[in-house]
Amino acid sequence: MEVILKDSTIYDNVLEFTKAAQQKGADPLFYALQVYTKLSSNGVILPSLELANLLVSHICWNNNVPIMWKFLDKALELKVVHPLIILALLSIRVIPSRHLKPAAFRIYLELIKKHGFDLKDQVQMPNYQETLILVDAVLSFSRIFGIQANDSGVFVVMTMFSIVWQLLDASLDDEGLLELTIERRSIWPTRPSDMEVDISSDRAGCGEQLKNLNAILMIKLIGQFLQNKLTSRILFLARENMPSHWSGFIKRLHLLLTNSSTLEDSQYMSLKSVEQSSADMRNMMLKICTQSSSQGLITSTVSRTLDSCVGLCLGFSPSAIWLPLDLVLEDAMDASQVNASSAVETLTGLVKTLQAINCTTWHDAFLGLWMSALRLVQRERDPIEGPVPHLDARLCMLLSITILVVADLIEEEGIDPTSETESGTCNFSGDQVPGQRHKDFVSSIQRLGDYESLLIPPQSVCFATKQAAAKAMMFISGINVGNAYFECISMSEMPINCSGNLRHLIVESCIARGLLDTSAYFWPGYVNGGVTQLPQGVPSEVPGWSSFVKGAPLTPTMINALASVPASSLGELEKIFQIADKGSDDEKMAAASILCGASLSRGWNVQEHTVYYITRLLSPPVPPDFSGNSSHLISYGPMLNVLLAGIGPIDYVKMFSLHGLVPQLAGSLMTICEVFGSCVPNVPWNLATGEEITVHTVFSNAFALLLKLWRFNHPPLEYRVGDVPPVGAQLTPEYLLSVRNFHLMSSGNIKDPNRRRLAAVANSSSAKPIFVDSFPKLKVWYRQHLACIASPLSGLINGTPVHQTVDALLNMIFKKVNKGSQSFSTGSSSSAGSGNEDASLRPKLPAWDILEAVPFVVDAALTACAHRILSPRALCTGLKDLADHLPASLATIVSFLSAEVTRGVWKPVTMNGSDWPSPAANLSNVEGQIKKILAATGVDVPSFATGGSSSATLPLPLAAFVSLTITYKLDKASQHFLDLAGPALESLAAGCPWPCMPIVTSLWTQKAKRWSDFLVFSASRTVFLHNNDAAVQLLRSCFNATLGLNTSSISIHGGVGALLGHGFGSHFGGGISPVAPGILYLRVYRSIRDIMFLREEIISLLLQSVSDLLNAGAFRGRLDTRKIPSRLKNHRVSLPTGMTEVKLAASLGASLVWISGGSGLVQSLIKETLPSWFISCHRPEQEGTTDRLLPMLKGVALAYLAVLCGAFAWGIDSSSSASKRRSNIVSPHMEFLASAMEGKISLGCDPATWCAYVTGFLSLIVRCTPSWVLEVDEKLLERLSKGLRQWNEKELAVNLLGLGGVGAMGSAARLIIDN
């Protein structure tokens, strides 16, 4: 390439001098000195860009003679010309002509070898802009990389990367491999035909031997660039800041390494060494980052321990590092927890975070996930009875959700070649072998066989595990049987030696989703023995899925069979869905009942499809032949009622929540409620079963299910306390619809598999966004509900339709009371209305009209009871009759009574056994059980005198509420509504002064003795609502149990087992068994009104735990004394083991912060609490001879806490929607760090703690969450880097800049070269 030269007269003279020296064969050193003198005397700044271009143009190719190459070499040595510019200019001339000019190419390679690795003076570039213009014109930086080189450091990185890539493409071209690349050509010219050169040039010296030697040297240079400490670090910057280009480069390198014949014959280098060098480049850089560069113990210890222990779990079982997984999985089982987001999304982000923070392989990450999910199932082995999710929800988590998480993680690896870089995982490599995650996944399931105790199946799924094992056994025995065979046999007909476990179910679920194939059946130890023949006497075909798919009709027997056996394939589900969508009315109902049967509860292979199909059926399309003014949904009433009743149980609601379908479900339910709630129940549907349903039935089932999806029944104080709302408080109708609309609007090109699934469901129900304004009747009720919470009831005007409805309802319930048809007791009454009562008294009104009047009816009834106009039993009888007339009215009754209790305007009533039911029979027993549950935490339970019935009092609305609920039977018909009223009653009683909760519990334990353990455990949570000190004591117990600091035998070993134990246990030693502190905390933290105090308390407990670990000898052992200052050489410390325990404590603390308060509490912790802690004065540690070790360990613990909290809340990459808020928190925190390092902020903490925190925090980000650095301003990164260099943490400073994007890449390159 020709360039117009400045001061052409000077360079004309130089060129003439060069030609003369060439002809005379002048001494190269003399020539270079003369040129240096000529240019300097004329004021030319050296090294000279124009001279570099002049010499290269002169040599190529009219003067391709040895003397000219010697002149050029001496000019380089004397720095008359810039080495990188010369190499760049030569590259596009020499590389394409390497076969025609092998000698010149050899010289070029020798120049690279001589000058390409010495970059010390390369960043000093005079006339930078002119240099950039020239080199960009030659190598096309801006076009190829899309990057403008804004300083000399960026220029060095791009030039180095380009030269190495050119050598790689030339090697591929020589091997005939360039055609195998995606582009099928080189980015830069590699052949003479690509260049306008004279191909008839002298071919002297083009011997095959020289060309072969050149090929070897070229590959050797590539390896040296990747292995050399300096150049590999420069290339590391390209790797981190140009991920898509690096991915293309590394694919070409892998192609060369796996197919090169030159490498096979080469004696100069090893294929494995080059490949390993490329794959380990980032790890090498991170080790450099965390090596000691300071003179004191503080920072050197941080660096060594971060480097050596980040992925270990010494002193505990390996499961300990996956403790957050266990906590999140167990927390997801809380009956009151309904999430708008999918558990798949939450767990996928959490697994990625833990894999990065722990720096483990994906094999270990998958194994940790499997074991956490298996422990979740095992904790339900001896459950307590009560209205809580049980085994079905836990098996859904293990066999459906967890496998979808794994599938998404495996798919993510292949979505985008740069996705791993962007995710910022610790062991990313754009050079990672494709499919590695899948290989690690397979090996993790194979390894599961070593954990037999975790694989023991619960009794209810033993048959399923035996079926799975028998299927594998028959397959490897060569016996070809289909699913029809297993539908025909019973447990007793299974092969005698067939024993299954939960791994067999996991494998079957993976095979169903295409993650494994039947080769898994041949794994060593997967099955024992074989089968030579099938059992005799087994019928050839019975009603079941196989015969149904073949065309058998939906007879009652077939319906029962399909509802009791889960579908085994998506095709079977699709057929039943088509019938539900397009069949007759009876077929629709039958298909709906089948979908809500075993395929929902135990159809783990297809469970996600089952919940999607049910959700779609709840929004049926308008039939083509539909006409009329009413909604088309009315004709679907019977089928919708089957679906609504079928998915009502708590376990099923939990499954929809886990799969992320709550927003979609809410949208469908609102539509159903709006339509059916606006209809008068004139014409009932008479079903084939003899049951009669009306639009009120459909509405009530839909309304009750809708209200389970958001926390409508919780006291007003829970909606916002302090600066952060409680987790789940945002689940309002508006929020649920906004999430649903978000899924709908993001249904385009979605890479995330989970979002793609949710978007498909949203599109299938309605292609348009929906809002609360779309449902005017629902909106009126919702506003009334909020108004009742905010202020006393008002607004009833005589003569209005609402007033008339109120009169009609009061007349209905008081008429029944006057007849005296029901006596008051704590016994049961039917949940259905009396068959022979006067139907004319029951107003036939739309459900919404009734709900609007219910608060006024209840208010009138309460007022009458308070003034003794209405007896307590008459009040409860009337409310029960109102709820029987319209079951959905129970929700409004609950809402009104809850609001009235919180206002405190009603006088208490005595629970004396005559007017109101009495708790005296077992109140003392309930109090004793509560004390037993809390004894391990050291929490004091308030007590009260129980000598007389007069001491047991409740506020009138609460007394009415509990008396109403205990009139319901514990049957299937009532369960749907008790599930709605129960949590509200619990929350309401818990918010009242002690001992309201024990009184309510006593009354309910008399009603439902088999629920007594559950009820007592729920009552124990009240203590934490009223007493923050109790919550702190429980948190302390969690830390002590996890770290093995307790003296009790239960938790002396620490870890997950001590924290979460074996879940709940019933009737152990004459009552409820002891509950592990972690289980107790996960069930009580939602009862804590002000969660903000947890920030300071968790930090305090974390630091106290670090001190306790040090005092307990966790750091005993011996370090390399050469690395310890002399003043500490007499102390015995084992940092790897102790640091693992410190990390475990921080992991627990971060998990508790995130679970308790979500991203809001994490934000407050990082932005406010941690800076305040460092600024505040702390008394000096009094730890004896370990005076300097403890402050450092505290800093490390706080660093782990901060990074883990941020990673849990906002992820390690940019894949989640929450990540968009991360920079607003991380950047201000880094600003605080930089300002404090610059002395602008005075600190009150120990300097060792501060130093350890800063270096630990930044090291963890560099190592585990590098994408965070990209979100920080370049100037701020430079300030942090400067502060680190002042602390002699130069390598950490370099790597921090190196991850800051192209803008900071130049500064990083200069630091690398300077160091």
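Because only heavy atoms are used, hydrogens play no part in the values below, and waters and symmetry mates are left out as well, while side chains stay in.
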Member of F236, F155, F145 meeting the ring pair (Phe, Tyr, Trp, His ring centres under 6.0 Å) criterion with F161: F145
Kindly indicate whether the side chain of Q166, heavy atoms from C-beta on, has any atom under 4.5 Å from the side chain of L139. yes
Does the pair I250 and W246 meet the rule for a side-chain contact (heavy atoms from CB on, under 4.5 Å), with working shown? CA-CA 6 Å; I250 217 65; W246 180 265; 3.8 Å; yes
Decide salt bridge (charged side-chain N to carboxylate O under 4.0 Å, His left out) for R143 and D136; before the verdict, give the C-alpha distance in whole Å, the side-chain angles of both, and the deciding distance to 0.1 Å. CA-CA 9 Å; R143 178 181 60 83; D136 188 21; over 6 Å; no
How many angstroms lie between CG in L1280 and CG in D1273, if you round to the nearest 0.5 Å? 10.5 Å
Within the 4.5 Å heavy-atom criterion, are I10 and K38 side-chain neighbours or not? no
For the residue pair R1310 and G153, what are the closest heavy atoms and their distance? NH1-N, 3.9 Å
What one should report as the nearest heavy-atom pair of V1269 and L1296 is CG1-O, 3.4 Å
Within 45° of the axis and under 6.0 Å from the centre of the six-membered ring of Y31, does NZ or CZ of K74 qualify? no
Heavy-atom check, side chain of R233 versus side chain of N228, under 4.5 Å: no
Side chain to side chain contact (heavy atoms under 4.5 Å, CB included) with S1259: which of V1254, L1292, N1295? L1292
Here the pair of heavy atoms bringing N241 nearest to G1298 is ND2-O, 2.7 Å
Is T159 reaching over with its side chain to a backbone N or O of V156, donor-acceptor style, under 3.5 angstrom? no
Do S91 side-chain atoms and A88 backbone N/O form a donor-acceptor pair below 3.5 Å? yes
Check: E208 main-chain N/O paired with N212 side-chain donor or acceptor under 3.5 Å: yes
Ignoring hydrogens and geometry, is there a side-chain-to-backbone donor-acceptor pair from E1238 to G1283 under 3.5 Å? no
Separation of K1275 NZ from L1277 CG (nearest 0.5 Å): 11.0 Å
V44 backbone acceptor or donor facing N42 side chain under 3.5 Å: no
Less than 4.5 Å apart, side chain to side chain, heavy atoms only: is that true for L1258 and M1230? yes
Side-chain contact, heavy-atom cut-off 4.5 Å: I147 with M242? yes
Backbone N/O of C60 and side chain of N64: donor-acceptor pair under 3.5 Å: no
Can you tell me how far NZ of K19 sits from CE of M68, rounded to the nearest 0.5 angstrom? 10.5 Å
Check the pair K211, D174 against salt bridge (charged side-chain N to carboxylate O under 4.0 Å, His left out), reporting the backbone distance first and the verdict last. CA-CA 10 Å; K211 287 195 288 185; D174 290 349; over 6 Å; no
Using the test salt bridge (charged side-chain N to carboxylate O under 4.0 Å, His left out), find all partners of R252 that sit at least two apart in sequence or belong to another chain. D169, E183
Donor-acceptor contact present, side-chain S1267 to main-chain I1212, <3.5 Å: yes
Shortest non-hydrogen contact between H58 and L15, atoms and distance: ND1-CD1, 3.8 Å
Under 3.5 Å, is there a donor on one side chain and an acceptor on the other for Q227 and S232? no
Mark yes or no for whether N214, through its side chain, and R98, through its backbone, hold a donor-acceptor pair below 3.5 Å. no
Side-chain touch L84/H115, heavy atoms, less than 4.5 angstrom: no
Does a side chain donor of either R1222 or S1219 reach within less than 3.5 Å of an acceptor in the other side chain? no
At what distance, to the nearest 0.5 angstrom, does CD1 of I86 lie from CG of L111? 8.5 Å
Set out, in order, the CA-CA distance, both residues' side-chain angles and the distance that settles side-chain contact (heavy atoms from CB on, under 4.5 Å) for L1299 and L237, then state yes or no. CA-CA 7 Å; L1299 297 172; L237 298 177; over 6 Å; no
Treating H254 as the side-chain partner and F249 as the backbone partner, does any N or O pair qualify as donor plus acceptor under 3.5 Å? no
Not counting sequence neighbours, list each pair that qualifies as a salt bridge (charged side-chain N to carboxylate O under 4.0 Å, His left out) and has a residue in residues 81-90. none
Does the S97 side chain pair with the main chain of V94, one donor and one acceptor, at a distance under 3.5 Å? no
What verdict does the side-chain contact (heavy atoms from CB on, under 4.5 Å) test give for L89 and R93, after you've listed the backbone C-alpha separation in whole Å, the side-chain angles of each residue and the deciding distance to 0.1 Å? CA-CA 7 Å; L89 293 171; R93 293 170 169 84; 4.1 Å; yes
Minimum heavy-atom separation for I67 to P28, with atom names? CD1-CG, 4.4 Å
Kindly determine whether E1278 and R1285 satisfy salt bridge (charged side-chain N to carboxylate O under 4.0 Å, His left out), including the steps that lead there. CA-CA 10 Å; E1278 291 179 359; R1285 293 198 304 275; over 6 Å; no
Between N259 and E175, is any side-chain donor less than 3.5 angstrom from a side-chain acceptor? no
Separation between CE of M158 and OG of S142, rounded to the nearest 0.5 Å: 8.0 Å
Whether F117 and F225 hold their rings parallel, tilted or perpendicular, with breakpoints at 30° and 60°: parallel
Using side-chain contact (heavy atoms from CB on, under 4.5 Å), reason through S1223 and V1272 one step at a time and then give a plain yes or no. CA-CA 7 Å; S1223 62; V1272 180; over 6 Å; no
Check whether any side-chain heavy atom of M1237 lies under 4.5 Å from a side-chain heavy atom of Q1286, and answer yes or no. no
If you compare all heavy atoms of E1274 against all heavy atoms of G1303, which two are closest, and at what distance to 0.1 Å? OE2-CA, 3.2 Å
4.5 Å side-chain heavy-atom contact, L78 and L46: no
Supply the atom-to-atom distance I216 CD1 to S260 OG, rounded to the nearest 0.5 angstrom. 9.5 Å
Do R106 and E110 pass the salt bridge (charged side-chain N to carboxylate O under 4.0 Å, His left out) test, and can you show the C-alpha distance, the side-chain angles, and the key distance before you say yes or no? CA-CA 6 Å; R106 180 54 177 263; E110 294 295 340; 3.1 Å; yes
Side chains of S1235 and E1231: do they bring a donor and an acceptor to under 3.5 Å? yes
